[in-house]
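Take a look at the structure set out below.
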Amino acid sequence: MTYLASEGVDDFEAHAIGYEYASRARRYGLSEVDATRALLFFRNALIESVIKIYREANILSGRAWEEMLHKMHTFTDQILVSLLETYHKLESVNH
């Protein structure tokens with residue numbers, strides 16, 4: 001939510017979240033695919049939550065909705081890439 005409210009792109013935050021997801025998933029023995037599924041579950045819950053907030057706030061501007069969805073997808077895509085990169089780095093270190 002902080003990311004959506006900010007004007008700038010915070011690549012560091014997305015990278016940190018992706019790293020944390022990958023680290024925890026590996027710690028609990030999840031595969032790369034299962035970790036990705038968990039992230040997608042998080043993303044879907046986040047999108048549904050923000051849509052609910054926009055509806056309740058009666059935000060009607062199509063541009064506002066477009067910007068919000070673009071930011072959400074950009075941010076969660078960065079998290080996913082970080083998760084996958086981290087998984088590959090951890091795999092290469094352990095082999």
Side-chain angles (χ1 to χ4, degrees):
M1 294 306 290
T2 302
Y3 175 81
L4 291 176
S6 70
E7 292 297 319
V9 176
D10 189 357
D11 292 338
F12 178 78
E13 182 77 19
H15 178 77
I17 292 170
Y19 178 86
E20 186 64 27
Y21 260 70
S23 298
R24 288 181 186 211
R26 295 239 331 131
R27 194 174 321 131
Y28 292 111
L30 295 179
S31 69
E32 193 173 344
V33 171
D34 288 336
T36 300
R37 282 186 182 122
L39 176 64
L40 294 175
F41 177 82
F42 155 75
R43 179 173 70 178
N44 291 339
L46 177 65
I47 289 171
E48 289 174 19
S49 175
V50 172
I51 287 173
K52 181 179 178 186
I53 291 168
Y54 267 55
R55 280 191 182 130
E56 289 174 357
N58 204 27
I59 297 174
L60 302 175
S61 167
R63 183 163 182 90
W65 281 80
E66 178 184 335
E67 288 175 9
M68 176 268 297
L69 287 171
H70 176 74
K71 276 184 148 183
M72 289 182 62
H73 282 107
T74 299
F75 187 60
T76 57
D77 288 351
Q78 290 171 342
I79 293 170
L80 178 57
V81 169
S82 175
L83 180 147
L84 295 172
E85 288 174 344
T86 302
Y87 239 88
H88 287 275
K89 287 177 187 173
L90 293 173
E91 284 289 320
S92 66
V93 168
N94 291 329
H95 286 128

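Keep in mind it's a predicted model, so treat the numbers as computed, not measured.
Phe42 approaches Ile79 most closely through the heavy-atom pair CE2-CD1, 4.3 Å. Between Ser82 and His15, the shortest heavy-atom contact is OG-O, 2.8 Å. Between Ile59 and Ala64 the shortest heavy-atom distance is CG2-CB, 3.8 Å.
The pair Glu20-Arg24 meets the salt-bridge criterion, with a side-chain N (NZ, NE, NH1 or NH2) lying under 4.0 Å from an Asp/Glu carboxylate O. A salt bridge links Glu67 and Arg63; the closest N-O separation between the charged side-chain nitrogens and carboxylate oxygens is under 4.0 Å.
Under the side-chain contact (heavy atoms from CB on, under 4.5 Å) criterion, Leu30 pairs with Ala25, Asp34, Tyr87, sequence neighbours left out. For Ile51, the side-chain contact (heavy atoms from CB on, under 4.5 Å) partners two or more places apart in sequence, or in a different chain, are Ile47, Arg55, Trp65, Met68. Checked against side-chain hydrogen bond (donor to acceptor under 3.5 Å, both in side chains), Asn44 has no partners two or more places apart in sequence or in another chain.
Distance alone, capped at 3.5 Å, is enough to place a donor-acceptor pair between the His73 side chain and the Leu69 backbone. For the pair Thr36 (side chain) and Glu32 (backbone), a donor-acceptor distance under 3.5 Å is present.
In this structure, Tyr54 places its OH atom where more than 12 heavy-atom neighbours from other residues, nucleotides or ligands lie under 6.0 Å away.
A distance of 9.0 Å separates CE in Met72 from CZ in Arg43, rounded to the nearest 0.5 Å. Taking CG of Leu84 as the reference point, atom NZ of Lys89 lies at 12.0 Å (rounded to 0.5 Å). To the nearest 0.5 Å, atom CG of residue Leu80 and atom CG of residue Leu40 are 6.5 Å apart.
Using a 4.5 Å heavy-atom threshold, the side chains of Tyr21 and Thr86 count as separate.
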